[in-house]
Amino acid sequence: MKLSHVGFKLQRAVAKRGVVGTLAAAPAKIMGHLVRGSKPGKQYNAVHPFDLEHGTDTSGLIAAEDLLDNRRRKNIHNTGFYATAPSMFQQAFARLDIDFERFTFVDLGAGKGRIILLASNFPFKRVLGVEFVPELHAIATRNIALYQPAVRQCQDVQCILSDVRDFDFPDVPLAIFMWHPFAGPVFEQVMTNLEESLQRNPREVYLVYLKPQYEHLVIERVPSLEKIWETHITMTEQDFAAYLFPDQSEVCVAYGTA
């Protein structure tokens, strides 16, 4: 591991746990790295079939410590880039019983844009992605131009280069998606912004949250939303063959305005 990466991980640990908590957790973390390092990694296809089919570039893994914002600074509260498995997204939104044509879709932490491409296959009124890394935003924008499948139902698709904390939620019905894109104060601020938007302009809003590690902050910061379902979603074997991580299933929760 690079020395700069060690410093980044230490800053993020202190921000999350405090100094005492970080020192207490250190031995278990070190042992965990040693154990994982002794096991062979999961074999997987580095390029997802989605990209092979459409000529896009949505695959790959970029660690959090290697991502820089538009001012070339690191943000210790990002969680890195790795695209969501298509089958997990499709299952989650198939379960969301809404009239898609009335809603604008928003992906918070769009990365290379795979999810906004998949969302354009639904009849959303508009599809937006929000990404803070210029290089990823540029790739997502290229992918939007490349992606022209017969099943695409929404043509108004855009990826916005912005820190999510500065993103103004559109004053229209929204379907928001997140796959554990950021942590700590960033998550808190985004949820606070969403609640303030709902207070100013009450409207239908749904939030689909895959791998909900900060679900308590949705409850605490967005009282205008209530949980409507929670489930485990299992990706297809094709997706799992192109998936770096060992878990084929993830928890997914959905919230909606009352």
Side-chain angles (χ1 to χ4, degrees), residues 45 47-60 81-131 136-161 164 167 169-170 172-181 203-212 228-229 231-243 248-256:
N45 301 323
V47 179
H48 195 282
F50 180 90
D51 289 332
L52 297 176
E53 179 181 355
H54 300 289
T56 51
D57 171 17
T58 67
S59 303
F81 162 75
Y82 194 75
T84 305
S87 59
M88 299 185 86
F89 172 78
Q90 290 158 350
Q91 289 177 70
F93 272 78
R95 187 182 176 96
L96 199 61
D97 186 19
I98 62 174
D99 179 7
F100 294 101
E101 294 182 357
R102 296 193 301 103
F103 286 81
T104 289
F105 174 88
V106 177
D107 179 19
L108 297 175
K112 294 183 178 181
R114 182 187 291 171
I115 290 303
I116 58 178
L117 301 182
L118 291 167
S120 73
N121 296 338
F122 290 81
F124 285 110
K125 188 173 184 178
R126 187 183 184 197
V127 170
L128 296 175
V130 185
E131 176 54 49
L136 294 181
H137 169 263
I139 294 171
T141 299
R142 288 198 297 273
N143 285 332
I144 291 169
L146 288 168
Y147 187 69
Q148 299 293 333
V151 295
R152 185 169 174 175
Q153 299 188 65
C154 178
Q155 300 302 321
D156 189 355
V157 183
Q158 180 184 7
C159 188
I160 299 169
L161 178 61
V164 288
F167 175 67
F169 289 96
V172 295
L174 300 175
I176 303 167
F177 176 76
M178 300 186 300
W179 180 39
H180 185 44
R203 61 202 185 278
E204 278 190 274
V205 169
Y206 293 90
L207 172 65
V208 176
Y209 185 8
L210 185 62
K211 197 171 184 178
I228 53 177
W229 51 258
T231 189
H232 274 82
I233 296 180
T234 301
M235 69 184 74
T236 62
E237 292 298 332
Q238 176 178 267
D239 278 348
F240 192 53
Y243 195 65
Q248 193 169 355
S249 297
E250 288 287 1
V251 174
C252 187
V253 297
Y255 285 81

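Heavy-atom basis, side chains included; hydrogens, waters and symmetry copies ignored.
- Crowding of Asp97 atom CG: a count of heavy atoms from other residues, nucleotides or ligands under 6.0 Å not exceeding 12.
- Under the 3.5 Å distance criterion, with hydrogens and angles disregarded, a donor-acceptor pair is assigned to the side chains of Glu237 and Gln248.
- A donor-acceptor contact shorter than 3.5 Å is absent between the side chain of Asn143 and the backbone of Leu117.
- Between Phe169 and Phe167, the ring planes are perpendicular. Angles over 60° get that label, and only those under 30° would be called parallel.
- Atom NE2 of His232 and atom SG of Cys252 lie 10.5 Å apart (nearest 0.5 Å).
- Although no hydrogens or angles enter the test, the distance criterion places no donor-acceptor pair under 3.5 Å between the side chain of Glu131 and the main chain of Leu161.
- Here the closest non-hydrogen pair linking Leu146 and Gly55 is CD1-O, 3.4 Å.
- Taking the six-membered ring where tryptophan is involved, the planes of Phe105 and Phe124 are tilted, since the angle between them lies from 30° to 60°.
- Without hydrogens or angle criteria, His137 side chain to Cys159 main chain gives a donor-acceptor distance under 3.5 Å.
- Looking at Arg114, its side chain never comes within 3.5 Å of a backbone N or O of Pro86 through a donor-acceptor pair.
- A distance of 5.5 Å separates CH2 in Trp229 from CZ in Arg95, rounded to the nearest 0.5 Å.
- Rounding to the nearest 0.5 Å places OG1 of Thr141 at 10.0 Å from CD1 of Ile160.
- Smallest separation of non-hydrogen atoms from Glu101 and Lys125: O-CB, 3.5 Å.
- Looking only at distances, a side-chain donor or acceptor of Arg152 sits under 3.5 Å from a matching main-chain atom of Cys154.
- The structure places NE2 of His48 at 10.0 Å from NE2 of His54, a figure rounded to the nearest 0.5 Å.
- Considering every non-hydrogen atom in both Ser249 and Met88, the closest pair reads C-CE, 4.3 Å.
- Arg126 places no side-chain N or O within 3.5 Å of a backbone atom of Asp156 that could act as its donor or acceptor partner.
- Scanning all heavy atoms of the two residues, the minimum distance from Gly256 to Ile228 falls at N-CG2, 4.2 Å.
- In this structure, Phe177 and Phe89 have perpendicular ring planes: the angle between them is above 60°, well past the 30° mark.
- Between Phe93 and Tyr206, the ring center distance fails the sub-6.0 Å criterion.
- The distance from atom OG of Ser59 to atom OH of Tyr82, rounded to the nearest 0.5 Å, is 7.5 Å.
- Residues Tyr255 and Ile176 form no side-chain contact, since every pair of their non-hydrogen atoms from C-beta on lies 4.5 Å or further apart.
- Taking the six-membered ring where tryptophan is involved, the planes of Phe100 and Phe122 are tilted, since the angle between them lies from 30° to 60°.
- Under the side-chain contact (heavy atoms from CB on, under 4.5 Å) rule, Leu174 has a single partner from Leu207, Val106, Leu128, which is Val106.
- We find that Lys112 and Asp57 are joined by a salt bridge, their nearest charged nitrogen and carboxylate oxygen being less than 4.0 Å apart.
- Thr58 OG1 to Phe81 CZ: the interatomic distance, rounded to the nearest 0.5 Å, is 6.5 Å.
- For the residue pair Gln90 and Leu118, the shortest heavy atom distance occurs at NE2-CD2, 3.7 Å.
- Side-chain atoms of Thr236 do not come within 3.5 Å of backbone N or O of Ser87 as any donor-acceptor pair.
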